[in-house]
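Computed from heavy atoms alone, side chains included, the values below leave out hydrogens, waters and symmetry copies. Note that ligands are numbered from 1 as they come in the structure, with each ligand's atoms numbered from 1 the same way.
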Amino acid sequence: MHSSDFGSDFIWGVATAAAQIEGAANSYGKGLSIWDTFAGKLSKIKNGATPKTACDFYHKYHEDLALVKLLRFKVFRFSIAWSRILPLGRGKINKEGLKFYHDVIDACLALDLTPYVTLYHWDLPEALSKEGGWTVYAINEAFNEFVRLCAVEYGYKVKNWIVLNEPFGYTSLGYMLGIHAPGLTGLDNFLNAVKHTAIAQAEGGKILRSEIVNANIGTTFSCSKIIPYTDKQTDVLAAERVNCLMNRLFLEPVLGLDFPTANWDILEKFAISNSIWRYKEKMTFDFDFIGLQNYFPLVIKYNTFVPIVNAWEVKAKSRRKPHTAMGWEINADSFYDVIMQFVSYPTIKNIIITENGAAFNDRLINDTIDDQERINYFKAYLAALLKAKKDGAPVKGYFAWTLIDNFEWAEGYKAKFGLVHNDFKTQKRTIKNSGYWWRDFLKR
Ligand code: NOJ
């Protein structure tokens with residue numbers, strides 16, 4: 001398999017996110033984000049890690065972009081930290097923050113790297129979170145202001161935009177389960193966050209469309225093939241509920257299909273009791289591409305003790321399946337299947353795999369990281385992607401997650417997904433063998 005098998009117009013990129021790499025969390029005029037404050041809370045993040053310095057990308061972006069180039073990627077995906085340019089989330093602008101992203105964009109363009117800019121990759125300004133964050137309607141006005149500012153400021157040189165990163169990720173982990181920032185729990189918080197997120201997703205797209213000539217606009221979704229543990233009706237229905245949450249909840253409103261309530265009375269009740277959910281058009285937008293982010297499949301078993309979903313994940317380890325250091329099952333066939341599940345929506349025009357990758361327990365020996373497992377992972381997932389493409393999936397690109405070991409949210413710095421190793425004491429970068437593998441793969 002060669003990269004050229006995917007076609008000469010296929011776009012190859014590497015993805016990152018502001019809070020995970022930038023550092024300079026509380027300097028150069030940046031306001032705090034919910035991840036800065038969440039990190040201060042005892043026992044919320046492994047080993048008490050914080051995003052305060054992260055990979056110091058803020059100061060080292062020239063070096064890091066040179067690595068992107070050296071590994072032969074053509075696209076650099078990064079996100080704008082909302083609170084770096086609007087420290088309080090709205091109103092007063094931080095000029096130094098605006099300039100930083102101009103500098104990063106210009107550095108990309110000078111290297112002939114195409115920037116794909118994510119507007120929201122989970123780092124909500126703390127000031128907005130204090131007002132209720134994604135649980136209140138005021139968030140939509142603030143978000144629209146942020147989107148418009150970015151579009152007007154950068155739209156003449158950035159044409160590729162991603163409105164949200166994995167809405168199910170931050171609404172479920174941050175507003176229902178409390179394991180991500182801002183650490184809220186409960187069904188009410190979750191459903192309100194879902195509602196405002198679904199609106200933000202479409203309105204963000206509409207603003208970009210109106211402000212930017214020739215924009216290529218997408219948004220991303222986490223997705224997983226959901227497999228019932230047995231063919232018992234209870235397991236099958238439990239798997240369907242999880243599928244409804246994980247794969248359909250944010251996609252279907254965008255496509256004008258409304259929320260996927262049909263299989264699940266809890267969502268049905270919410271839809272009926274909340275009139276704004278009936279405002280289909282507000283949540284609909286004709287995206288130029290849909291970003292899919294896949295890492296693993298999920299095997300689901302009915303469990304009466306789990307509130308609301310009555311479903312439980314049967315972990316890869318207990319099923320004796322190969323898995324990454326995150327415990328995520330390595331299963332490239334399921335990648336193929338979930339792509340095809342999205343392809344079955346006739347109105348999805350183009351797909352980009354905006355994230356895919358794996359964490360392993362890398363060991364740095366004599367300045368080398370021999371991460372053959374990660375290479376094997378990429379090879380298998382790329383082969384599945386090629387098969388999907390040959391079978392008609394309109395997949396236009398693939399972005400590896402991620403350039404460099406970084407701040408992996410609640411996992412802190414323990415989980416290593418990078419193609420490049422980082423020594424967090426010295427900030428020395430060392431290209432892993434998987435990085436070199438990409439460099440060679442992208443040669444032909
Ligand atoms: C999803 C998120 O978008 C990204 O921020 C995260 O680091 C990776 N997946 C790996 O968990």
Side-chain angles (χ1 to χ4, degrees), residues 13-23 25 33-36 38-39 45-46 49-51 54-55 57 75-82 116-124 161-174 177 179-181 197 201 218-224 246-247 250-251 290-298 313 316 323-330 334-335 338 352-362 371 373-374 377-378 381 398-422 424 434:
V14 68
T16 64
Q20 295 182 271
I21 58 168
E22 276 180 12
S33 85
I34 52 173
W35 276 95
D36 301 319
F38 190 66
I45 298 182
K46 277 199 184 139
T50 81
C55 306
F57 177 81
V75 163
F76 181 60
R77 176 185 168 201
F78 65 96
S79 74
I80 292 180
W82 186 343
Y116 270 64
V117 174
T118 312
L119 287 164
Y120 186 71
H121 201 128
W122 301 2
D123 46 354
L124 186 70
W161 293 86
I162 290 170
V163 178
L164 299 180
N165 181 72
E166 295 196 356
F168 182 68
Y170 71 82
T171 52
S172 63
L173 299 171
L177 301 172
I179 48 185
H180 272 198
T197 292
Q201 181 173 252
T219 197
T220 74
F221 301 104
S222 49
C223 59
S224 279
M246 294 196 59
N247 296 319
F250 288 97
L251 171 74
I290 292 296
L292 295 190
Q293 317 204 144
N294 174 262
Y295 291 85
F296 52 82
L298 282 178
E313 183 199 351
H323 53 272
T324 68
M326 300 288 282
W328 297 349
E329 181 176 342
I330 301 169
S334 77
F335 182 40
V338 84
I352 296 178
I353 307 303
T354 38
E355 274 186 35
N356 171 245
F360 290 104
N361 296 318
D362 300 325
D371 55 339
E373 287 172 295
R374 187 174 285 108
Y377 179 98
F378 281 126
Y381 274 66
Y398 173 98
F399 305 165
W401 184 266
T402 181
L403 178 63
I404 179 169
D405 292 341
N406 60 30
F407 177 71
E408 175 60 24
W409 312 112
E411 297 297 310
Y413 293 96
K414 225 179 144 239
K416 301 191 182 309
F417 280 88
L419 306 178
V420 176
H421 169 271
N422 191 38
F424 288 96
S434 59

Q: Using a strict cut-off of 4.0 Å, indicate which atoms of ligand 1 neighbour a heavy atom of Gln293.
A: 3 (O)
Q.
Looking at Glu166, is its backbone amide N or carbonyl O close enough to the side chain of Thr220 to form a donor-acceptor pair, meaning the two atoms are under 3.5 Å apart?
A. yes
(Q) Just to confirm my output: which protein heavy-atom neighbour is closest to atom 1 (C) of ligand 1, and how far is it? (A) Glu355 OE1, 3.0 Å
Q | Structural part of Phe407 in contact with ligand 1, heavy atom criterion under 4.0 angstrom | A | neither
(Q) Within the 4.0 Å heavy-atom shell around Asn165, which atoms of ligand 1 are there? (A) 2 (C), 3 (O)
Q) Using 30° and 60° as the class limits, which term best fits the ring planes of Trp328 and Phe417: parallel, tilted or perpendicular? A) tilted
Q: Measure the distance from atom 10 (C) of ligand 1 to every protein heavy atom, then report the residue, atom name and distance (to 0.1 Å) of the closest one.
A: Glu408 OE2, 3.4 Å
Q. Any luck finding a side-chain donor-acceptor pair between Tyr170 and Thr197 under 3.5 Å?
A. yes
**Q.** Sub-4.0 Å heavy-atom approach of Trp328 to ligand 1
**A.** yes
Q) Can you find an N/O atom of Trp409 closer than 3.5 Å to an N/O atom of ligand 1? A) yes
Q) Between Trp122 and ligand 1, is there a nitrogen or oxygen pair with a distance under 3.5 Å? A) no
Q) With a 4.5 Å heavy-atom cut-off, do Ser79 and Tyr120 have their side chains touching? A) no
Q) Any side-chain heavy-atom pair from Ile162 and Arg77 closer than 4.5 angstrom? A) yes
Q: For the pair Lys416 and Asp371, find out whether any cationic side-chain nitrogen is under 4.0 Å from an anionic carboxylate oxygen.
A: no
Q.
Side chain, backbone, both or neither: which applies to His121 and ligand 1 if a contact is any heavy-atom pair less than 4.0 Å apart?
A. side chain
Q | Option from Glu329, Met326, Glu355 for which side chain to side chain contact (heavy atoms under 4.5 Å, CB included) with Tyr295 holds | A | Glu355
Q: Check ligand 1 against Glu166 and write out every atom of the ligand that is under 4.0 Å from a heavy-atom position of the residue.
A: 1 (C), 3 (O)
